[in-house]
**Student:** 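The structure under discussion is supplied below as structure tokens; questions concerning it will follow.
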Amino acid sequence: MSFLTLAMTLVFVIIPLILSKTLKLGLEKDTLIATVRSIIQLLVVGYLLQFVFDSENILYILLMVGLMIGAAALNARKKGASIQGITWKLVLTFCFVELLTQGILLGLKITPATAQYIIPISGMVIGNSMVLGILFLNRFTAEMASRRDETELILSLGGTPKQAIHRQLITSIQASTIPTIESQKTIGLVQLPGMMSGQIIAGADPIQAVMFQLLILFLLLTTAVITSSMLGYLSYPTLFNKRMQFLDRQLEENR
């Protein structure tokens with residue numbers, strides 16, 4: 001694909017801009033910002049990845065993964081601003097998911113220990129973990145704020161903070177993992193995943209492409225459950241003080 005061909009694909013940006021303007025959706029600014037940022041960021045990352053792949057230096061690989069985790073945490077923390085220490089909780093969660101998945105892949109020699117495999121897979125894992133983290137935090141803060149009376153009632157009856165927020169926590173974890181699980185149920189029937197389609201377009205054996213895509217699907221399933229669960233159990237204790245009183249003021253302000 002040439003830069004001229006790439007420019008022609010901007011028609012897919014013009015269409016939503018026209019619709020937004022016509023229907024008064026107010027999405028023009030965000031659409032333009034997203035388009036410009038995606039072009040700049042992907043082109044920069046493309047050249048950066050070419051350099052990292054050619055060098056095969058472990059330090060550069062770690063820096064790339066660290067950059068992904070940092071950017072993901074900074075983006076996701078906006079949805080959990082009311083939760084004390086949410087940034088380090090997100091970083092810890094993303095690091096754990098990354099170490100677990102790469103440890104299994106490299107330890108069992110499922111994928112080679114090269115930048116061409118580590119960085120793209122890490123990007124998919126961390127990116128999915130970020131989205132799941134945002135979905136969880138958004139639902140969890142809303143659940144805690146809307147069920148304030150229920151939480152305080154359980155606490156007043158002698159319940160522990162864990163008992164008081166159990167229903168909200170489980171509901172939030174379930175809700176945040178639904179997109180990943182439901183998407184996996186219809187994979188291949190409703191949608192053909194980008195990784196598999198890209199490999200096939202590039203001329204790879206379809207069966208090999210399917211096998212790699214299944215690997216990613218299984219990774220994302222693990223990522224979804226671990227991210228939501230770990231983030232939930234790291235976050236809920238900070239919503240209560242030492243006297244086991246519910247600190248709901250910040251949640252109300254964040255709504």
Side-chain angles (χ1 to χ4, degrees), residues 1-50 64 66-83 86-87 89-91 93-94 119-120 122-146 172 175-184 186-187 189-198 201 216 220 223-224 227-228 231 250-255:
M1 179 179 288
S2 65
F3 282 102
L4 176 61
T5 308
L6 178 62
M8 294 171 64
T9 63
L10 289 176
V11 68
F12 296 115
V13 177
I14 296 173
I15 292 174
L17 285 174
I18 294 175
L19 286 174
S20 178
K21 187 69 175 179
T22 303
L23 301 177
K24 298 181 180 180
L25 300 178
L27 301 175
E28 298 93 332
K29 182 179 178 181
D30 286 338
T31 301
L32 287 173
I33 292 175
T35 301
V36 173
R37 284 189 59 175
S38 62
I39 292 173
I40 295 174
Q41 289 170 185
L42 285 177
L43 286 175
V44 171
V45 169
Y47 287 110
L48 185 59
L49 286 178
Q50 187 175 32
M64 281 294 298
L67 176 63
M68 293 175 187
I69 292 174
L74 290 176
N75 186 53
R77 72 173 181 176
K78 300 173 186 177
K79 291 297 182 181
S82 58
I83 299 175
I86 189 59
T87 303
K89 291 178 174 64
L90 285 164
V91 170
T93 300
F94 296 158
I119 293 178
S122 295
M124 285 183 275
V125 168
I126 297 169
N128 188 69
S129 188
M130 177 192 71
V131 172
L132 266 295
I134 291 173
L135 290 175
F136 170 79
L137 291 172
N138 188 57
R139 181 61 179 267
F140 185 54
T141 52
E143 285 283 329
M144 292 299 296
S146 64
S172 301
S176 62
T177 56
I178 284 175
T180 301
I181 296 174
E182 293 302 318
S183 176
Q184 189 162 327
T186 58
I187 203 77
L189 297 176
V190 178
Q191 60 175 326
L192 292 177
M195 180 180 179
M196 185 180 79
S197 301
I201 292 173
I216 299 303
L220 297 186
T223 299
T227 298
S228 298
L231 197 54
Q250 288 183 319
L251 288 174
E252 289 291 343
E253 293 175 350
N254 194 51
R255 293 184 69 185

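Residue numbers count from 1 along this sequence.
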**Student:** Quick one: list whatever passes side-chain hydrogen bond (donor to acceptor under 3.5 Å, both in side chains) with Ser176, sequence neighbours left out.
**Tutor:** Ser228
**Student:** Measure the spacing between CG of Leu19 and CD1 of Ile14 and express it to the nearest 0.5 Å.
**Tutor:** 12.0 Å
**Student:** With no hydrogens and no angle check, is any side-chain donor or acceptor of Ser183 less than 3.5 Å from a backbone partner on Thr180?
**Tutor:** no
**Student:** List in chain and number order the residues that pass salt bridge (Lys or Arg N to Asp or Glu O under 4.0 Å) with Arg77, two or more places apart in sequence or in another chain; answer none if no residue qualifies.
**Tutor:** none
**Student:** If you measure from OG1 on Thr93 to CG on Leu132, what distance do you get to the nearest 0.5 Å?
**Tutor:** 11.5 Å
**Student:** If you round to the nearest 0.5 Å, how far is CG of Leu10 from CZ of Phe12?
**Tutor:** 10.5 Å
**Student:** Looking at Ile126 and Ala72, what are the two nearest heavy atoms and their distance?
**Tutor:** CG2-CB, 3.8 Å
**Student:** Test side-chain contact (heavy atoms from CB on, under 4.5 Å) on Met130 and Ile134 and set out the steps.
**Tutor:** CA-CA 6 Å; Met130 177 192 71; Ile134 291 173; 4.2 Å; yes
**Student:** For residues Ser129 and Thr227, is any side-chain donor paired with an opposing acceptor at under 3.5 Å?
**Tutor:** yes
**Student:** How long is the gap from CZ on Phe140 to CG on Leu135, to the nearest 0.5 Å?
**Tutor:** 15.0 Å
**Student:** Can you tell me how far apart CG (Leu137) and CG (Leu231) are? Round to the nearest 0.5 Å.
**Tutor:** 4.5 Å
**Student:** Provide the full list of side chain to side chain donor-acceptor pair (under 3.5 Å) pairs with a residue in residues 21-30, sequence neighbours left out, each pair given once.
**Tutor:** Ser20-Glu28
**Student:** Closest approach of Met68 and Ser122, non-hydrogen atoms and distance?
**Tutor:** SD-C, 4.1 Å
**Student:** What do the steps show when you test Leu17 against Leu27 for side-chain contact (heavy atoms from CB on, under 4.5 Å), and what is the final call?
**Tutor:** CA-CA 7 Å; Leu17 285 174; Leu27 301 175; over 6 Å; no
**Student:** About how many Å separate OG1 of Thr87 and CG of Leu74, when rounded to the nearest 0.5 Å?
**Tutor:** 7.0 Å
**Student:** Let me see the working for Ile33 and Arg37 under side-chain contact (heavy atoms from CB on, under 4.5 Å), right down to the final yes or no.
**Tutor:** CA-CA 6 Å; Ile33 292 175; Arg37 284 189 59 175; 3.9 Å; yes
**Student:** Could you give me the CA-CA distance, side-chain angles and deciding distance for Leu48 and Met64, then say whether side-chain contact (heavy atoms from CB on, under 4.5 Å) is met?
**Tutor:** CA-CA 9 Å; Leu48 185 59; Met64 281 294 298; 3.4 Å; yes
**Student:** Which pair of non-hydrogen atoms, one from Ser172 and one from Glu143, has the smallest distance, and what is that distance?
**Tutor:** OG-CG, 3.8 Å
